Number of protein chains: 2
Amino acid sequence: MVANVNDTEKKILDAAKKIFELSGYNGARMQHIADEAGISKASLHYYFRSKENLFERIFHETMEEFMKVLSTWEDDTYKWELKLREFVVEFFNFLRTNSLLFILRELNRNPDLMNDRPKKKKIGFMSYFKNLQEKGLIQNFDLSLMYVFLHSLCSYPLINKIIFKRILMMDDARFDSFLEEYPNHVADFLILFIKQSKTKK
Amino acid sequence: MVANVNDTEKKILDAAKKIFELSGYNGARMQHIADEAGISKASLHYYFRSKENLFERIFHETMEEFMKVLSTWEDDTYKWELKLREFVVEFFNFLRTNSLLFILRELNRNPDLMNDRPKKKKIGFMSYFKNLQEKGLIQNFDLSLMYVFLHSLCSYPLINKIIFKRILMMDDARFDSFLEEYPNHVADFLILFIKQSKTKK
DNA sequence: ATTTGGTTTGACCAAATGGTCAACAAAAGT
DNA sequence: ACTTTTGTTGACCATTTGGTCAAACCAAAT
């Protein structure tokens with residue numbers, strides 16, 4: 001029986017994402033991807049002309065999802081403390097199931113991957129807090145710094161899991177329960193950071 | 001003229017570190033390493049039996065340097081705020097010239113690389129602050145959390161350079177000057193974090 | 001039943017790559 | 001001077017790997 005085209009394509013994309021994330025572009029083998037998708041290598045090449053081709057598809061789709069989560073800063077009526085906490089929790093959970101290390105590794109290998117992307121119009125985070133600053137609801141501190149803090153605190157614990165577990169002597173269960181509470185601590189911390197910040201530039 | 005053995009070995013290690021950091025284990029080519037070191041591929045194999053062999057040498061040496069910097073918490077007479085700030089600045093500058101992404105990427109590829117290592121006796125950071133807590137100089141908050149914060153804030157901006165530059169719309173010069181002041185902001189933040197922390201466990 | 005057009009695959013290929021080896025070169029003993 | 005040990009290398013090898021292709025397969029249209 002011949003599977004539906006889109007079905008096969010989906011199986012390939014799922015398999016490819018898994019293998020690329022696990023092994024990176026250079027470590028991934030077309031044969032492994034084919035095996036994982038349950039098809040022949042020749043079929044794989046029938047759907048995607050080349051490894052490069054397939055890889056770029058996966059990479060850009062992952063970036064797309066990533067950017068989508070980052071742009072959920074539409075102004076609503078929450079207090080900003082709540083909004084920030086909600087974002088941190090959501091962002092963190094997204095990162096838990098999407099390998100950011102994959103993105104970083106491949107971007108480091110080939111920075112051009114970034115240039116291929118369409119220019120992003122606006123950063124949700126930036127305009128949201130700029131707005132608060134203009135309204136005088138929070139102090140006029142450096143938003144770039146806070147952006148970097150936010151991302152660092154959310155991303156790094158997940159890509160550095162192995163080392164943290166080892167150094168903090170936590171087994172998987174302990175570390176997982178640590179991660180469970182973690183985003184709320186991050187939110188606490190960022191809120192504190194904002195509230196105590198003095199105006200400067 | 002035949003170069004000194006140790007000299008050649010050094011050239012190889014330097015070349016290998018450069019190539020491995022740039023391309024990762026799977027992306028690195030023995031020929032490239034040989035070229036970079038200015039010797040033949042056969043000579044490379046004369047000094048290091050295999051790629052795996054050479055790689056592990058580089059990996060463990062890098063880990064060693066890394067751990068050395070992390071252990072500079074010998075108790076001295078500084079106020080802890082000063083000590084912390086000094087550590088952050090030093091650690092951050094170390095990270096600027098040593099690719100941590102390399103470590104993370106390869107550890108992700110093969111977690112056993114960590115198990116090969118001799119067990120580390122003590123984490124300088126932990127005992128230093130535990131000591132302060134026992135003396136009642138700081139509150140009794142969760143040190144693991146602060147450890148993760150410290151590392152995340154120091155490490156991530158450097159391994160995520162490419163994306164941050166793009167999103168914050170900074171050119172190399174702007175981003176470099178941002179990084180110049182950065183560790184002091186991190187120190188400010190961590191000090192604030194410690195001072196306002198309530199006792200909990 | 002036959003044709004048609006898309007899908008699937010085993011077999012195969014050329015290039016790349018880690019690794020070997022015999023021969024040679026340079027130092028170091030003697 | 002000579003022998004031995006240590007370095008060095010071009011040529012070569014076996015395997016892996018991305019990619020191709022002709023033949024087979026299959027569902028739907030005729």
Side-chain angles (χ1 to χ4, degrees), chain A residues 1-62 102 105-106 109-110 112-113 116, chain B residues 1-61 102 105-106 108-110 112-113 116:
Chain A
M1 188 179 62
V2 174
N4 184 340
V5 175
N6 294 326
D7 195 61
T8 305
E9 193 169 315
K10 183 67 166 37
K11 277 196 298 182
I12 293 178
L13 289 173
D14 287 347
K17 183 165 188 184
K18 181 171 170 183
I19 300 295
F20 278 134
E21 283 187 355
L22 190 69
S23 312
Y25 179 79
N26 284 312
R29 298 288 161 250
M30 291 300 264
Q31 188 61 62
H32 291 172
I33 295 174
D35 292 347
E36 180 75 24
I39 58 168
S40 71
K41 186 160 64 99
S43 262
L44 189 53
H45 276 89
Y46 176 76
Y47 280 87
F48 296 91
R49 247 170 255 172
S50 67
K51 186 182 182 183
E52 186 67 31
N53 204 270
L54 177 56
F55 170 77
E56 281 181 10
R57 172 75 173 271
I58 298 292
F59 183 86
H60 287 127
E61 277 189 12
T62 306
F102 164 68
R105 163 206 268 174
E106 302 307 336
R109 180 178 63 86
N110 176 16
D112 284 341
L113 285 168
D116 296 349
Chain B
M1 190 179 62
V2 173
N4 182 342
V5 174
N6 295 326
D7 195 59
T8 304
E9 194 169 315
K10 183 66 166 40
K11 275 196 300 182
I12 292 177
L13 289 173
D14 287 347
K17 182 165 189 184
K18 182 171 170 184
I19 300 296
F20 278 133
E21 283 188 354
L22 191 68
S23 312
Y25 179 78
N26 283 312
R29 298 286 161 249
M30 292 299 265
Q31 188 61 62
H32 291 172
I33 295 174
D35 292 348
E36 180 74 25
I39 58 169
S40 72
K41 186 160 63 98
S43 261
L44 188 55
H45 277 88
Y46 176 76
Y47 280 87
F48 297 90
R49 247 171 254 173
S50 68
K51 187 183 181 183
E52 187 67 31
N53 205 271
L54 176 57
F55 170 78
E56 281 180 11
R57 173 75 174 270
I58 297 293
F59 182 86
H60 287 126
E61 277 189 12
F102 164 67
R105 163 206 270 172
E106 302 307 335
N108 194 255
R109 179 177 64 87
N110 176 16
D112 284 341
L113 285 167
D116 296 350

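Hydrogens, waters and symmetry mates are skipped; everything else that's a heavy atom, side chains included, is used. Quantities reported herein were computed from a predicted structural model and do not represent experimental measurements. A, B, ... follow the sequence lines: proteins, then strands. Residue 1 opens every chain.
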Nearest whole Å is fine: how far is [N] [atom2] from [X] [atom1]?
X     : N      : atom1 : atom2 : value
B:F48 : D:dG7  : CZ    : C1'   : 14 Å
A:M30 : C:dA15 : CE    : P     : 19 Å
A:Y25 : D:dG18 : OH    : P     : 8 Å
B:H45 : D:dA11 : NE2   : P     : 18 Å
B:F55 : C:dG18 : CZ    : C1'   : 16 Å
A:K10 : C:dT7  : NZ    : C1'   : 20 Å
A:K11 : C:dT7  : NZ    : P     : 14 Å
A:I39 : D:dC25 : CD1   : P     : 19 Å

Describe, in one word, how the ring planes of B:Y25 and B:F55 are oriented to each other, choosing from parallel (under 30°), tilted (30 to 60°) and perpendicular (over 60°). perpendicular
Nearest to the side chain of [X], which nucleotide is it out of [options]?
X     : options               : value
A:K41 : C:dT8, C:dT9, D:dG19  : D:dG19
B:A42 : C:dG19, C:dT20, C:dT9 : C:dT20
B:R29 : D:dT8, C:dT17, C:dT8  : C:dT17
A:K51 : C:dT7, D:dG19, C:dT20 : D:dG19

Using modelled atom types and a 3.5 Å cut-off, is there a donor and acceptor pairing between side-chain atoms of [X] and backbone atoms of [Y]?
X     : Y     : value
A:H32 : A:A28 : no
A:T62 : A:I58 : yes
B:K18 : B:L13 : no

Does OP1 or OP2 of [N] have a side-chain N or O of [X] closer than 4.0 Å?
X     : N     : value
A:T8  : C:dT8 : yes
A:Y46 : C:dG6 : no
B:S43 : D:dG7 : no

When we call it a touch if two heavy atoms are under 4.0 Å apart, what does B:A28 touch: a base, just sugar-phosphate, or nothing?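 Touches sugar-phosphate only.
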Test salt bridge (charged side-chain N to carboxylate O under 4.0 Å, His left out) on B:E9 and B:R57 and set out the steps. CA-CA 12 Å; B:E9 194 169 315; B:R57 173 75 174 270; 3.4 Å; yes
Judged by each residue's nearest nucleotide on DNA chain D, which is more toward the 5′ side, B:S40 or A:S50? B:S40
Scanning all shown strands, the Watson-Crick or wobble mate of C:dA28 with both distances under 3.5 Å is D:dT3
